[in-house]
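Taking it in order: structure first as structure tokens, then the write-up.
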Amino acid sequence: SQQGEEDPQALSIQEGENATMNCSYKTSINNLQWYRQNSGRGLVHLILIRSNEREKHSGRLRVTLDTSKKSSSLLITASRAADTASYFCATDAFGNEKLTFGTGTRLTIIP
Amino acid sequence: GAVVSQHPSWVICKSGTSVKIECRSLDFQATTMFWYRQFPKQSLMLMATSNEGSKATYEQGVEKDKFLINHASLTLSTLTVTSAHPEDSSFYICSARERGWTEAFFGQGTRLTVV
């Protein structure tokens, strides 16, 4: 069954605004990762946060992790048209290599 | 980052025929490869996990005789959709990981259309 639920399912914002996506998961995790997928393409790894970390930054990306609430958020600051894509969180558990993906958020940046 | 090459990027085949999709790691040893299926506007669903030299482990509900996975070398895994039917039409994506790595790298995906 699907591990993660993401919200919103779809998000449209003006270029330059910030975009926030949330991911919730059900069981204990080792790592949580965020991926981007452009339409009809493969996935691009964005950022990884470990279960003992609470926040991580990479360029315009900021990820938070709250293991007590089993949730994570991805913030994209100063959005650009090229950020238009679907974003997925993915989790893996201790001793298990499998990545389980969330339902995804379709982000549209309006120029 | 590491590169995973998936081929073909799209394929159209007739019902009843078989289709092979290749997934190659170009600059690392893919000790583990994963095959996913994705329906339009949906998430990725894991089909199977394969370790080099071992039989693939299939997820519940995935027919192993229908979706044949071979991971004969540290750089190549193949997925063969046997006796394809229109309901097998989907986007198939592979990913690969080297032992000890946390991050998995993804291929570009294969759009399969069965007519």
Side-chain angles (χ1 to χ4, degrees), chain A residues 1-11 21 23-26 29-53 56 58 63 65 84-108, chain B residues 1-10 21 23-25 30-52 54 56-62 71 90-113:
Chain A
S1 62
Q2 202 76 35
Q3 166 76 316
E5 297 288 332
E6 293 182 56
D7 81 275
Q9 289 188 349
L11 177 64
M21 289 157 270
C23 166
S24 61
Y25 55 92
K26 297 176 184 174
I29 63 169
N30 186 21
N31 304 290
L32 186 145
Q33 306 182 55
W34 285 89
Y35 288 86
R36 185 186 73 224
Q37 183 182 35
N38 290 90
S39 182
R41 307 293 293 272
L43 273 71
V44 174
H45 184 265
L46 295 177
I47 196 166
L48 177 149
I49 187 165
R50 301 183 190 280
S51 59
N52 62 354
E53 297 177 311
K56 208 160 183 180
S58 176
V63 168
L65 178 64
T84 294
S86 290
Y87 291 81
F88 296 91
C89 65
T91 57
D92 63 74
F94 288 100
N96 190 336
E97 293 183 291
K98 293 193 300 186
L99 277 180
T100 304
F101 283 82
T103 49
T105 294
R106 291 191 305 279
L107 175 65
T108 303
Chain B
V3 178
V4 174
S5 176
Q6 187 172 340
H7 177 81
S9 56
W10 61 270
I21 302 170
C23 182
R24 294 181 185 272
S25 59
T31 46
T32 305
M33 283 193 171
F34 306 89
W35 287 94
Y36 295 85
R37 183 173 181 175
Q38 185 180 32
F39 291 103
K41 297 187 179 180
Q42 293 189 27
S43 188
L44 282 72
M45 298 301 295
L46 181 65
M47 299 173 67
T49 303
S50 71
N51 292 297
E52 185 264 338
S54 303
T57 302
Y58 289 81
E59 294 298 300
Q60 192 171 14
V62 178
H71 189 171
S90 189
F91 192 59
Y92 293 87
I93 309 176
C94 69
S95 74
R97 216 175 196 172
E98 184 166 339
R99 186 174 291 114
W101 287 8
T102 306
E103 184 178 339
F105 295 90
F106 285 77
Q108 308 95 313
T110 297
R111 170 78 55 199
L112 170 64
T113 302

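Chain naming here is simple, since letters A, B, ... match the order of the sequence lines and numbering starts at 1 in each.
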| task | May I ask you to decide if A:G102's main-chain N or O and B:S43's side chain share a donor-acceptor pair within less than 3.5 Å? | result | yes

| query | Does some side-chain heavy atom of A:D92 sit less than 4.5 Å from a side-chain heavy atom of B:R97? | reply | yes

| said: I'd like to know whether CD of A:E53 has more than 12 heavy-atom contacts from other residues, nucleotides or ligands below 6.0 angstrom. | reply: yes

| note | Pair count under 4.5 Å, heavy atoms only, with chain A: among B:Q6, B:K41, B:E59, highest is B:E59

| Rounded distance [0.5 Å steps], CD in B:E103 versus CD1 in A:I47 | 11.0 Å

| Sequence neighbours excluded, which residues qualify as ring-ring contact (aromatic ring centres under 6.0 Å, His included) partners of A:Y35? | A:H45, A:F101, B:F106

| query | If you round to the nearest 0.5 Å, how far is CE of B:M45 from OG1 of A:T100? | reply | 9.0 Å

Name each donor-acceptor pair under 3.5 Å that joins a side chain in residues 33-40 of chain B to protein atoms two or more places apart or in another chain, with its distance.
from	atom 1	to	atom 2	distance (Å)
B:W35	NE1	B:S77	OG	3.0
B:Y36	OH	A:L99	O	3.4
B:R37	NE	B:S90	OG	3.4
B:R37	NH2	B:E87	O	2.6
B:Q38	OE1	A:Q37	NE2	2.8
B:Q38	NE2	A:Q37	OE1	2.9
B:Q38	NE2	B:Q42	O	2.8

| query | What heavy-atom pair brings A:K98 and B:L46 nearest, and what distance separates the two atoms? | reply | CD-CD2, 3.2 Å

